[in-house]
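Here is the structure we will look at.
Everything quoted here is computed from the prediction, not taken from an experiment.
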Amino acid sequence: MTWRFRTELLRSGDVDDELVDLGHLTPGAQRIAMLPAQERIAHVRADRWIGYGRATEALTRLEALLEWPSKQRMPNLLLIGPTNNGKSMIIEKFRRTHPPISFPDRENIPVLVMQMPSDPTVIRFYVALLAAMGAPLRPRQRLAELEQVALELMRRVGVRLLVIDELHNVLSGTTPVRREFLNLLRFLGNELRIPLVGVGTRDAYLAIRSDDQLENRFEPFTLPRWEVDADTRSLLASFAASFPLRRRSEIAGVEMASYLLTRCEGTIGELNQLLMDTAIAALDSGEECINRTTLLLSTYAGPTERRRLFERELA
């Protein structure tokens, strides 16, 4: 599609009206590309969902679990991947697809998402579970009371799937605490007869694998680091089409994909941050596209570079 707008912000400095082709953008991004730079920067910084094959497959698995008929032995899922590789993004997308519904006399929460406490104890787990449902907490409640209140409230609000994020935090506890948590997961599945979804790094799988019964119940689903392949290049093309830049960003080629993955160290969260910072640099500089120049102008630093800078500050 071709749009007419003033080009004060383009690198050429030409302020005359001219026709510019925005056919490289999605329809939504085309409309935003007509706005001033500061408004477009706000759009670039906003959260966005970029669908890709593995994420779509994960959402399909979650949908199947949500619709699973209640029975004594329910299937569970373990969503595993490196830090900042899209796990929480997938869970949040799924949760938004099945949001809580308020009725005059009650709340319905089909998908309940909670986070495993960083210093795990069973009491803190139940407190986090109740907090995720928005339940008021009374001080100094005993474990047995917390457990019964949590189970009763989950039944009352109609929880059909429980997601436990940061499941790898289980390993930060002592061996008896870890064993207690693994028993707790078995108990929740048996008592509530709903699917459980654990989310975490490879350590979450190691924790589950230490219990034969749980390992058989939790099907692992991995989100590996990205490599230079057709899926990655398609993802990069989707990113390029979503940023409201008035010039085409040629980032889906093999050479550019290899450069970007090397710099962000292969996770989608870091890749998103790199491209977002570079798109902002493209707007600030007037380049209006992601290219070698704007990649060098961006403020992004990869994980290893950030650690190196931090260590240098401490030296």
Side-chain angles (χ1 to χ4, degrees), residues 24-26 29 41 43-59 61 78-93 165-166 168 199-205 220-245 247-285 287-312:
H24 57 284
L25 301 178
T26 64
I41 286 174
H43 174 79
V44 168
R45 286 177 172 152
D47 288 337
R48 64 178 50 77
W49 169 258
I50 301 291
Y52 57 94
R54 198 65 176 157
T56 301
E57 188 179 345
L59 291 172
R61 298 277 189 96
L78 194 58
L79 188 60
I80 308 166
T83 298
N84 209 6
N85 203 32
K87 302 183 297 297
S88 296
M89 186 192 314
I90 291 170
I91 294 302
E92 179 59 20
K93 171 70 171 176
D165 203 357
E166 306 292 335
H168 48 264
V199 183
T201 63
R202 177 176 175 271
D203 286 344
Y205 173 68
F221 186 96
T222 59
L223 295 172
R225 291 185 184 274
W226 290 78
E227 299 178 352
V228 181
D229 55 20
D231 287 341
T232 298
R233 295 174 64 189
S234 175
L235 176 72
L236 290 172
S238 297
F239 268 114
S242 71
F243 290 128
L245 301 174
R247 290 195 172 108
R248 185 181 299 275
S249 297
E250 302 288 355
I251 60 174
V254 173
E255 183 180 354
M256 182 63 84
S258 178
Y259 170 82
L260 292 171
L261 290 185
T262 298
R263 191 165 172 188
C264 74
E265 301 182 21
T267 64
I268 192 171
E270 291 290 338
L271 178 62
N272 177 65
Q273 188 65 48
L274 168 58
L275 294 176
M276 183 180 71
D277 289 350
T278 307
I280 292 171
L283 288 166
D284 284 337
S285 66
E287 282 283 327
E288 289 287 343
C289 68
I290 297 174
N291 56 23
R292 293 285 183 178
T293 299
T294 51
L295 281 163
L296 293 175
L297 289 173
S298 78
T299 59
Y300 175 81
T304 300
E305 187 179 354
R306 292 197 298 267
R307 284 193 295 270
R308 195 176 294 133
L309 291 170
F310 178 70
E311 290 166 0
R312 190 181 304 159

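The distance from atom CG of L235 to atom CG of L261, rounded to the nearest 0.5 Å, is 9.0 Å. The distance from the CE atom of M89 to the CD atom of E92 is 10.5 Å, given to the nearest 0.5 Å. The NZ atom of K93 sits 12.0 Å away from atom CG of D47, with the distance rounded to the nearest 0.5 Å. L271 CG to N84 CG: the interatomic distance, rounded to the nearest 0.5 Å, is 10.0 Å. Rounding to the nearest 0.5 Å places CZ of R292 at 13.5 Å from CG of L297. For the atom pair CG of N291 and CZ of R247, the computed distance is 9.5 Å after rounding to the nearest 0.5 Å.
When side chains are defined from C-beta on, C264 counts as touching Y300, because their heavy atoms get closer than 4.5 Å. By the 4.5 Å heavy-atom criterion applied to side chains, T222 and R54 are counted as neighbours. The closest side-chain heavy-atom distance from F239 to I290 is not below 4.5 Å. Between T299 and I280 the shortest side-chain heavy-atom distance does not fall below 4.5 Å. Side-chain contact between R48 and F243 is present, with heavy atoms from C-beta onward closer than 4.5 Å. Counting only heavy atoms from C-beta outward, the side chains of L223 and I268 never approach each other to under 4.5 Å.
No donor-acceptor contact under 3.5 angstrom links the side chains of S234 and D231, judged on distance only.
Across A279 and V44, no two heavy atoms sit closer than the pair CB-CG1, 4.0 Å. Scanning both residues, N85 and G266, for their nearest heavy atoms gives OD1-O, 3.9 Å. In this structure, P82 and R225 approach most closely via the heavy-atom pair CG-CG, 3.7 Å. Listed here is the closest heavy atom pair of S238 and I50: CB-CG2, 3.8 Å. The minimum heavy-atom distance between Y205 and I80, with the atom names listed, is CB-CD1, 3.5 Å. A29 and A241 get closest at one heavy-atom pair: CB-O, 3.5 Å.
In terms of modelled atom types and a separation under 3.5 Å, the side chain of H24 and the main chain of L245 share a donor-acceptor contact. In this structure, H168 contributes its side chain and T201 its backbone to a donor-acceptor pair below 3.5 Å. Panel note: side chain E265, backbone T304; a donor-acceptor pair is recorded below 3.5 Å. Looking only at distances, no side-chain donor or acceptor of S258 sits under 3.5 Å from a matching main-chain atom of E255. Within the 3.5 Å criterion, the main-chain N or O of A252 finds a donor-acceptor partner in the side chain of R233. No donor-acceptor pair closer than 3.5 Å links the side chain of T232 to the backbone N or O of V228. A distance-only check finds no donor-acceptor pair linking the side chain of R263 to the backbone of L274 [under 3.5 Å]. Of the possible donor and acceptor atoms, none in the side chain of S249 sits under 3.5 Å from a partner among the backbone N and O of I251. Looking at T294, its side chain does come within 3.5 Å of a backbone N or O of C289 through a donor-acceptor pair.
The pair R307-E311 does not meet the salt-bridge criterion, since no charged nitrogen lies less than 4.0 angstrom from a carboxylate oxygen.
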(request) Give the intermediate values and the outcome of side chain to side chain contact (heavy atoms under 4.5 Å, CB included) for residues F221 and E57. (result) CA-CA 10 Å; F221 186 96; E57 188 179 345; 3.8 Å; yes
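For the side-chain contact (heavy atoms from CB on, under 4.5 Å) criterion with D165, the lone passing option out of I91, L79, V199 is V199.
Around the CD atom of E227, the shell of radius 6.0 Å holds no more than 12 heavy atoms that belong to other residues, nucleotides or ligands. Under a cut-off of 6.0 angstrom, the local environment of CZ in R306 is crowded, with over 12 non-hydrogen atoms contributed by other residues, nucleotides or ligands.
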